[in-house]
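In what follows, every heavy atom counts, from backbone to side chain, and hydrogens, waters and symmetry copies are set aside. Numbering of ligands and ligand atoms starts at 1, following listing order.
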Amino acid sequence: MSGSFKEKAKSILKSNDRGGFTVPTSNLYPYQWNWDSAFAALGFATFDRNRAWCELELLFEAQWEDGMLPHIVFRNDDPRYFPGPSFWQSGTTPPTSGHSQPPVTASIVWSLVQSGDHSDLERARKLFPSLLKFHNWFHCARDPDGTGLIGIIHPWESGRDNSPDWDFGMAGIEVADDLGDYKRQDTNFVDAEERPTSDQYDRYLTLIKFGREHNWDQQLITKKGPFLVADPGINFILMRADRDLLQLAGRLGIEDCKETIESWIAKSREACRSLWNPDIECYAARDMRSGQFSEGISSAAMLAFYADAGSEREYEKLARHAEEILQIAKYAFPSWDPRHDRFDSRRYWRGPTWAIMNYMIAEGMAEQGFDDLAARIHQDTLQLIQTSGFCEYFDPITGDGLGGQLFTWTAAILLVLADSSSVK
Ligand code: GLC
């Protein structure tokens, strides 16, 4: 790779800029995505604070009345992506998708405030009510039993689209017989072997069809929809974000929401106990209707550290799993356990390593005192990007770069890590 490495990362963020918001990568994902934008903001913040805040502010412009922050914002209708606005039919302005994504925004806002000055604090103050409303939406609309355990209504809501964690939930979906002869666009840009299968796409679209036929009534979709799975990723990320939101409220001197946020955290902590699968001695996804557990170790389970969700014993156990997995996977941290029969080193969330997951996992491990593991994950992330480029994801065994290229969040994470290491 020519030129300075950090400069290259900055130039990717700039070239994916579409006027105040970034696309994850051109062609494959030509719109604004929720958690991609949050990570983009983290990257921009290393060299352009104003631009970082714009990214978040524009994202929140698409927030729904009920507080939901959609996973995609469609500011135009681009033939390179399917399913686009006419398939989702959100009925909102701007048009959006009909569910959310991992709520990393509050944590990223808190991080901008911690590293910033008075003007960052004022931008955060303006965003605070929207952040609170977003968290409130998750706790109300996606917690059907009021237990504190959050469910996702579509695998895409987890951000880990085709993880084996959803296989059993997906198998229970009866594919709609009137999806028509739709044409996927993703495989025009990325090798089909590195993407979800057509059978999975039929099910993804069936879920969207259900949502749109029920006018995106979120409570109803959660209670009666064809898919409801408790994802350790979403639960841990939300738990962490609640904690960061609470700290932010404290810094802003906002008192009236304190009790509410504290009760969310306490409830989630308790509820997450039910995600510990004793058979594999690890956190795992769980079908909220049948109670069935997923049977493998995902990278999302490793976010327990980041959430501060576990006991000492559980952290020790997770760390042992991580060490064993990293003896097989040369490049941390595989999205699925390489010892499991569903592991596929090149297929998206069924094996590959993702820089954003690495960032959160390592941050959590370092905070809980597992410094060696955290350091290994940081080093691997840098090495992958340095060797294979700013790819969407990477083969954890060979280190090959996979999926979309010149990827926004990979560039953003490089900038964040570079600030704490010797990358030039
Ligand atoms: C894929 C990923 C998702 C991401 C999106 C845009 O759908 O699974 O997490 O937000 O691409 O990068």
Centroid-centroid distance, Phe370 to Phe305, less than 6.0 Å:
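Close enough - the centres of the two rings lie under 6.0 Å apart.
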If we check side-chain contact (heavy atoms from CB on, under 4.5 Å) with Val109, which of these qualifies: Leu56, Asp244, Val104?
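The single option meeting the side-chain contact (heavy atoms from CB on, under 4.5 Å) with Val109 is Leu56.
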Parallel, tilted or perpendicular, as decided by the 30° and 60° cut-offs, for the rings of Trp264 and His139
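Geometry flag for Trp264 against His139: parallel rings.
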Listing by chain and number, which residues have a heavy atom under 4.0 Å from ligand 1?
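The 4.0 Å shell around ligand 1 contains Pro24, Tyr29, Trp33, Trp35, Asp36, Gln101, Gly159, Asp161, Tyr348, Trp349, Phe407, Trp409.
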With Thr197 via side chain to side chain contact (heavy atoms under 4.5 Å, CB included) - residues at least two apart:
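With neighbours one apart ignored, the set is Asp199, Gln200, Arg347.
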Holding to side chain to side chain contact (heavy atoms under 4.5 Å, CB included), I want the full list of residues that pass it with Leu59, two or more places apart in sequence or in another chain.
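Counting only residues at least two positions away or on another chain, Leu59 forms a side chain to side chain contact (heavy atoms under 4.5 Å, CB included) with Gln32, Asn34, Ser37, Leu69, Val73, Thr105.
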Tell me which pairs pass ring-ring contact (aromatic ring centres under 6.0 Å, His included) where either residue lies in residues 157-192, with sequence neighbours left out.
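As it turns out, the ring-ring contact (aromatic ring centres under 6.0 Å, His included) pairs with a partner in residues 157-192, which skip direct neighbours, are Phe82-Tyr182.
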